[in-house]
Amino acid sequence: MSGLNEQQYEAVHYRGKSMLVLAGAGSGKTRVITERIAALVEREVPLDAITAVTFTNKAAKEMRQRLKKRLGKKEKKLRICTFHALGLEMIREHAALVGRSSKLAVFAESEQRAALRSVLQDLRLPSDKERIDILKKQLTAIKSGQQQDVDPRAQRICDEYDTFMQRMNAVDFDDLIVLPAKILAEHEDVRWLWRARCRHFLVDEYQDSSRTQYDLVKCLVTTEQNLTVVGDDDQAIYGWRGADAGNLFQLEKDYPALHVIRLEQNYRSTGAILSTANTLIANNSQRIGKELRSNMGMGKAVRVWQVKESDDEAERVAADLRAQYAKEDAKWQNMAVLYRAGYQARVLEIALREANVPYHVSGGLSFFERSEIKDVLAYLKLTVNMTDDLSFIRAISKPRRGVGAKTLAALSDFAATRSFSLLEACLEAPTEIRKADAMASFGRSIVDMEHGFLHLEPDTAFDQMLEASRLIGMIESEAKDEKETTRKTSNIESLRAYWLRYSEAGGQLDGFLQQIFLQSNKDEEADESSVRLMTVHAAKGLEFDHVYVVGMEDGTFPHKNALDEGRIEEERRLLYVAITRARYRLTLSMARRRKRYGQTETLDASRFLAELENKHVDWVDRDPESAGAKEEVEDSMARIREMLGL
DNA sequence: AACGACATAGTTTTT
DNA sequence: CTATGTCGTT
């Protein structure tokens with residue numbers, strides 16, 4: 001237990017019912033939560049009475065790993081998972097109570113859209129992207145009971161959508177939180193079962209919880225139970241997505257005995273960096289208030305760069321990354337370039353490539369969002385859950401079997417008259433429906449696949465499925481080059497390996513598929529030795545020796561839309577998160593003119609830069625023009641070099 | 001059903 | 001600029 005400071009120790013060993021730990025960036029929050037769980041176990045609290053929830057799989061995984069080191073085998077019996085995984089567990093166990101079976105499918109966002117589109121079309125309503133966007137939000141609000149007086153038309157769509165999802169034996173991400181709350185509210189026996197399992201309930205990153213998630217917590221944890229909540233109001237950056245840091249304040253009302261502990265000792269960054277962070281965040285009015293303290297000395301001043309063009313900015317970052325690498329023997333993977341929005345990555349990529357700096361862009365399509373993976377998954381999902389019409393449509397269209405919208409509509413009508421799923425319908429499709437033979441043989445091959453997964457070895461079953469789907473042939477014929485084919489087939493090979501690993505541990509296909517949809521799995525950040533390029537959002541929870549925050553202009557960071565909508569404080573927290581990622585060296589940079597959507601705009605310095613006036617901040621080139629002049633010298637040097645043929 | 005021309009919009013995105 | 005989606009043509 002050594003090495004805990006006074007506040008950490010108190011947080012780990014507090015014996016009262018409810019506690020809020022306000023944990024600043026880099027204050028050892030994960031350590032505290034894992035030590036607290038370990039302490040509970042050592043106090044002989046039954047393992048089945050402890051539940052810890054996080055928001056990301058990564059965080060859950062890390063917590064598990066630490067506890068495994070600390071407790072050994074016992075770790076396996078602890079319930080440590082994401083909010084959504086907990087919800088899924090509850091729904092699976094009590095599926096019948098919400099009109100599902102335990103083999104239910106979890107619909108990712110794209111599938112939820114498709115489901116909504118289908119519902120709208122059935123109701124003969126327009127189903128364009130914009131409307132679906134609006135409805136999706138509205139649906140979330142209605143389902144969670146947030147909206148007061150619901151427009152009856154929206155309610156109708158919501159009800160239809162629910163029926164549709166039940167018929168598909170599917171749930172969406174919202175359902176994973178809403179349905180468990182509903183089950184708990186309506187069934188007393190289930191309520192007591194889960195309250196026993198959550199006798200000690202711990203929540204990480206609480207500032208990112210939504211109202212719905214908090215409602216679930218309240219159902220699960222009475223004031224007689226033990227609630228530990230860890231969070232940081234200054235790092236709440238998902239408000240736009242329904243997270244409500246106000247949940248932190250609400251706790252005090254719902255759990256009157258709440259004990260509050262602050263962790264302000266930071267073990268990550270230099271004094272200069274923390275001083276900058278403190279100065280910035282002090283401008284927010286909506287905060288509990290805390291000051292991070294460093295234990296590392298002042299360190300190097302925070303640099304601020306002002307350059308003329310966004311291209312120059314990227315080049316300068318690239319050059320400096322190289323210089324740091326050479327000078328300080330820093331490793332590439334300890335450096336990161338952070339930006340407000342994804343499109344800013346492109347200029348940086350070009351410059352880094354030019355400068356021969358190895359880099360890796362985080363974000364983009366996740367593994368499970370790639371089309372070839374979605375295709376394979378459609379077959380697998382249909383195999384497990386034959387009522388999943390959306391997977392049916394994807395599977396039967398890939399590869400193309402000459403079945404298009406018209407044929408599907410006919411099949412769908414036929415299915416409706418007999419209350420069949422599309423798969424059942426195609427097995428018995430009357431000959432007057434076009435392509436009836438082809439569809440019937442497709443249907444039989446799916447039934448074969450099901451049989452395979454039930455009776456054959458996992459690898460044989462997978463290979464049989466892949467073979468029968470003819471997806472590999474489709475990839476080979478549609479790819480524009482050899483590289484694309486190998487990329488896609490090796491992705492499928494990864495999925496296969498993943499499935500084999502899961503099945504070797506005794507898992508079934510239905511569990512495998514459910515698991516997958518809870519994992520955003522942004523490609524496991526394969527590249528070890530490379531500079532990381534990512535949005536500030538993606539950087540949360542990470543730390544780097546050297547951090548560059550680019551695009552410090554008004555309109556870029558803070559983002560223009562946030563500015564217009566008066567969401568300045570969240571933008572400020574976002575920069576606070578960015579700053580507190582840095583351990584030793586922080587560089588902020590702005591460009592006077594930025595290329596955006598093919599046009600060049602002239603921008604002012606970010607209002608946040610003005611707030612950083614501080615003796616630990618070094619404005620390397622205050623006057624943008626001087627920076628420009630320097631670039632001009634370099635330009636002419638480059639031209640001379642070119643003329644000399646170098 | 002498939003393809004290509006045209007239009008349109010373009011923060012952030014744990015699950 | 002460019003990624004995505006819609007619409008019209010074959």
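Numbered from 1 within each chain, the chains take letters A, B, ... in sequence-line order.
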### Task
Look at A:E62 together with A:R66 and state whether they make a salt bridge at an N to O cut-off of under 4.0 Å.
yes
Choose from [options] the nucleotide whose nearest atom is closest to any side-chain atom of [X].
X	options	value
A:T56	B:dT15, B:dT13, B:dT11	B:dT15
A:N561	B:dT14, B:dT11, B:dT15	B:dT11
A:A341	B:dT12, B:dT13, B:dA2	B:dT12
A:A243	B:dT14, B:dT15, B:dT12	B:dT14

Please report, rounded to the nearest Å, how far the [atom2] atom of [N] is from the [atom1] atom of [X].
X	N	atom1	atom2	answer
A:Q599	C:dC1	CD	P	10 Å
A:Q213	B:dT14	CD	P	14 Å
A:L574	B:dT13	CG	C1'	12 Å
A:Q112	B:dT15	CD	C1'	12 Å
A:M534	B:dT14	CE	P	13 Å
A:K58	B:dT13	NZ	P	13 Å
A:Y339	B:dT12	OH	P	10 Å

Touch class at under 4.0 angstrom, heavy-atom based, for [X] against every strand present:
X	answer
A:G541	nothing
A:R567	base
A:F83	nothing
A:V536	nothing

### Task
Quickly, which of A:D388, A:D389, A:D375 forms a side-chain hydrogen bond (donor to acceptor under 3.5 Å, both in side chains) with A:R394? Name it, please.
A:D375
### Message
By nearest heavy atom, map A:H537 and A:T407 onto DNA chain B; which one lands nearer the 5' end?
### Response
A:T407
### Message
Using heavy-atom distances to pick each residue's nearest nucleotide on DNA chain B, tell me which of A:G342 and A:R401 is more 5'.
### Response
A:R401
With respect to the phosphate group of [N], does any side-chain polar atom (N or O) of [X] fall under 4.0 Å of OP1 or OP2?
X	N	answer
A:R346	C:dC1	no
A:T535	B:dT13	yes
A:N57	B:dT15	yes

### side-chain contact (heavy atoms from CB on, under 4.5 Å) between A:T212 and A:K143, intermediate numbers included
CA-CA 9 Å; A:T212 334; A:K143 282 201 281 195; over 6 Å; no
### Message
Using the six-membered base ring of B:dT15, report whether A:H84 stacks on it, requiring centroids under 5.5 Å and planes under 30° apart.
### Response
no
## Note on the structure
From the list A:L22, A:V230, A:V21, side-chain contact (heavy atoms from CB on, under 4.5 Å) partner of A:K29 resolves to A:V230
### Task
Verify the distance criterion only: is there a donor paired with an acceptor across the side chains of A:N284 and A:R572 at less than 3.5 Å?
yes
### Message
Any side-chain to backbone donor/acceptor pair from A:T140 onto A:K136? Under 3.5 Å, distance only.
### Response
yes
### Message
Taking C:dG5 as the reference, what is the distance to B:dT12 when you measure between their P atoms (whole Å, please)?
### Response
16 Å
### Task
Write down the distance separating the P atoms in C:dT4 and B:dT13, rounded off to the nearest Å.
15 Å
